[in-house]
Amino acid sequence: MYYNASDYKSLNLENCFVLQYDNHAHSYPVTGSVCLTAMDFNQAQNEAIRHGPGPALITAGPGSGKTTVIINRLLYLIRDLLIDPEQILVATFTKAAAEEMAERFRFVYHDSPRIPVFGTLHSIFFRILKSGSDPSLRIITQKQQQALIRKELKKPELFPDDQELYVGKILNEISRMKNTQGSEDSCSLISPAFFQQIFHSYQDYLEQNQMMDFDDILIKTRQLLMSREDLLKKWQNKCRYILVDEFQDINLLQYQILRMLALPENNLFAVGDENQCIYGFRGSSPKFIQQFSADYPGSTRIFLDVNYRSSEAIIRRSCALLEAGGIRLPSPVRAGVPRENSVYTLQRFHDQKEEADYIVSQIRRYQTSEPDGIAVLLRSSREIPSLMQVLSESGISCSCPKQPDDFRDHFIVRDICAYFRSASRKGNRQDLLRIINRPFRMISRTLFANLPEKDPLKQLIGSLQGDPVLLRSLLKLERELSFLCQLTSYAAVEYLLQAAGYGSFLRQYAEEHKISSSLYDPVITRLKETAKAFPSQDLFLKHLSDPKKVNQPDRSNPENPVTIDTMHASKGMEYDVVFLPRLNKGIIPAGGIQDTSVEEERRILYVAMTRARYMLHLSYTEYIDQKKVLPSVFVNDLLRY
């Protein structure tokens, strides 16, 4: 982030180089080297930058200038304390963040080609691993991982139709198990025995092919450093000063390795915010920040208490959300830049159509003043397509930096499409084969051997005239398909789920595979939303066969599209205007979530709220899919403010 022109005047920073903030900084041309004393740092920033040797925990809330602090601390270590740059390690969690940090440092540091080591924790640990073991080690690719899991899921325990539902989630559970060192060794999606079978097959493949995944890098690095004192001392000397950005995202293994590397001097400078810890599914936890002082008695703790991003109103409300959950900040957060004409709203709408219409009207109004970024942030990616469709049809340019998951491949979607094609007599033998026993109709697959591609149901009925039981079942299916083709897409989906027995099939299917049928709710909800957007079954099928064409809006303002993304993915970003719709129970906190994760959901909403500079609009609805719904518990917390 960088200040508006009016903000520069109010801060009296003329002729000063300003390196601001986080993920949206720009390099401003300056003459000569950058002088530390020219920067108008606040007191807490100054204390952090000029912290001497020893451990320090810097609590850096949203918009507090943590990147500026890290860059200028590096300059202080090198120029004032005369630390060798090559004995300084700067670690973060993404390759893009590490590269950006290095680029910013090079821009302000022209004294020497020798600079600190910048990198992700995984890349740094992989270097350590290769330096002390086999240099030919390879890392398994994501595609290879997915192929391995798919192969296991094709075994008799699961139908191959729904394997895509499991692949990513099982890989996440394997990662969680490794990062918690085995304390979590089961998967909620499948039986413990089957999960262990998949895990051991996965590990056997890695060992047989001399490969490792990202979690193995952590495990093996820790093992190597514990067994090789000479190698540990070598890297401790290379990492005399360690600076870690986004420290709240750290997991147990990463923390243990960093503690080993920081010995014996313990010059560990950790910058993070436990209230922005939102990656519990990766093993991160606020407890590592909370136990820092106990692990490092006498360590310095500094709270960056000035938010240079958001308006005072947004800061107050976001902090109130934390306080409602029993979280007390070390000191009040202050707004560092005046934000005139800021807006904060929390509104109730009748349904999601009324909510979406409001968002469209407000976006049009804001776009006339050309704001620096408008974003609509949703709790999960499954909610993105329907809202993108509304914006697109309204002529609003929109983009999704991380495209939502393509649910077309889900077996439920493929089943519904097969029903629609069969009802319109555009289906083929494969479509009929797909739906014939969903729900179960006692029809053997062997009967399909000689059926033609065209009008297979008619031919099948003709071949079963001598079997009254099967014939009755097929004639009932024929009547259902005849009725189905007369309905709108939404009504047809409801008919299949409620009257035609497909919903009962899903519940039975889930029970047979020892999973909760609620696992299918997000797919069904998204399917219904798509059906509402495309009442014609032909358009519905066309949309699902070519979603890219539909999701590309007529770009009325291609230079400044509205960003639609998830709350998770928005971390590190900032916008002048932010909308947070659909704050309902079952959406946030997510449906079926464990009580222990509710506070992480609170932090997710906090992160989303603090992406806004000037305008923040929160909303919830009374009805979803014509069903009465409750507001999120977090809405109630904010309403009490």
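This one's a predicted model, so the numbers in the text were calculated from it and none came from an experiment.
Scored by the side-chain hydrogen bond (donor to acceptor under 3.5 Å, both in side chains) test, Arg228 finds Asp230 as partners (sequence neighbours excluded). Residues passing the salt bridge (charged side-chain N to carboxylate O under 4.0 Å, His left out) test with Glu312, sequence neighbours excluded: none. Asn307 meets the side-chain hydrogen bond (donor to acceptor under 3.5 Å, both in side chains) test with no other residue; sequence neighbours excluded. Under the side-chain hydrogen bond (donor to acceptor under 3.5 Å, both in side chains) criterion, Asp637 pairs with Arg602, Arg640, not counting sequence neighbours. Here Ser632 pairs with Ile588, Pro589, Phe634, Val635 under the side chain to side chain contact (heavy atoms under 4.5 Å, CB included) rule; sequence neighbours left out. Scored by the salt bridge (charged side-chain N to carboxylate O under 4.0 Å, His left out) test, Arg348 finds no partners at all (sequence neighbours excluded). Taking the salt bridge (charged side-chain N to carboxylate O under 4.0 Å, His left out) definition, one finds that Glu229 meets it with Lys233, sequence neighbours left out. Under the side chain to side chain contact (heavy atoms under 4.5 Å, CB included) criterion, Glu86 pairs with Asp84, Arg114, sequence neighbours left out. Every side chain to side chain contact (heavy atoms under 4.5 Å, CB included) that Thr94 has, sequence neighbours left out, goes to Ala96, Ala97. For Asp213, the salt bridge (charged side-chain N to carboxylate O under 4.0 Å, His left out) criterion is met by Lys178, not counting sequence neighbours.
In summary, Arg611 and Asp565 do not engage in a salt bridge, as defined by a charged side-chain N under 4.0 Å from a carboxylate O.
Listed by first and then second residue, the salt bridge (charged side-chain N to carboxylate O under 4.0 Å, His left out) pairs that reach into residues 253-274 are Arg240-Glu265, Arg259-Asp295, Glu274-Arg301, sequence neighbours excluded.
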Inset, instruction - Show the numbers, then the answer: is there a side chain to side chain contact (heavy atoms under 4.5 Å, CB included) between Arg106 and Phe118? - result: CA-CA 11 Å; Arg106 289 189 188 98; Phe118 294 85; 5.8 Å; no
Just list the side-chain donor-acceptor pairs under 3.5 Å for residues 324-335, sequence neighbours left out, or say none.
unit_1	atom_1	unit_2	atom_2	d
Arg328	NH1	Glu323	O	3.3

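For the residue pair Thr621 / Glu355, no side-chain donor-acceptor distance below 3.5 Å is found, with atom types taken as modelled. The closest side-chain donor-acceptor pair between Gln248 and Glu246 falls under 3.5 angstrom.
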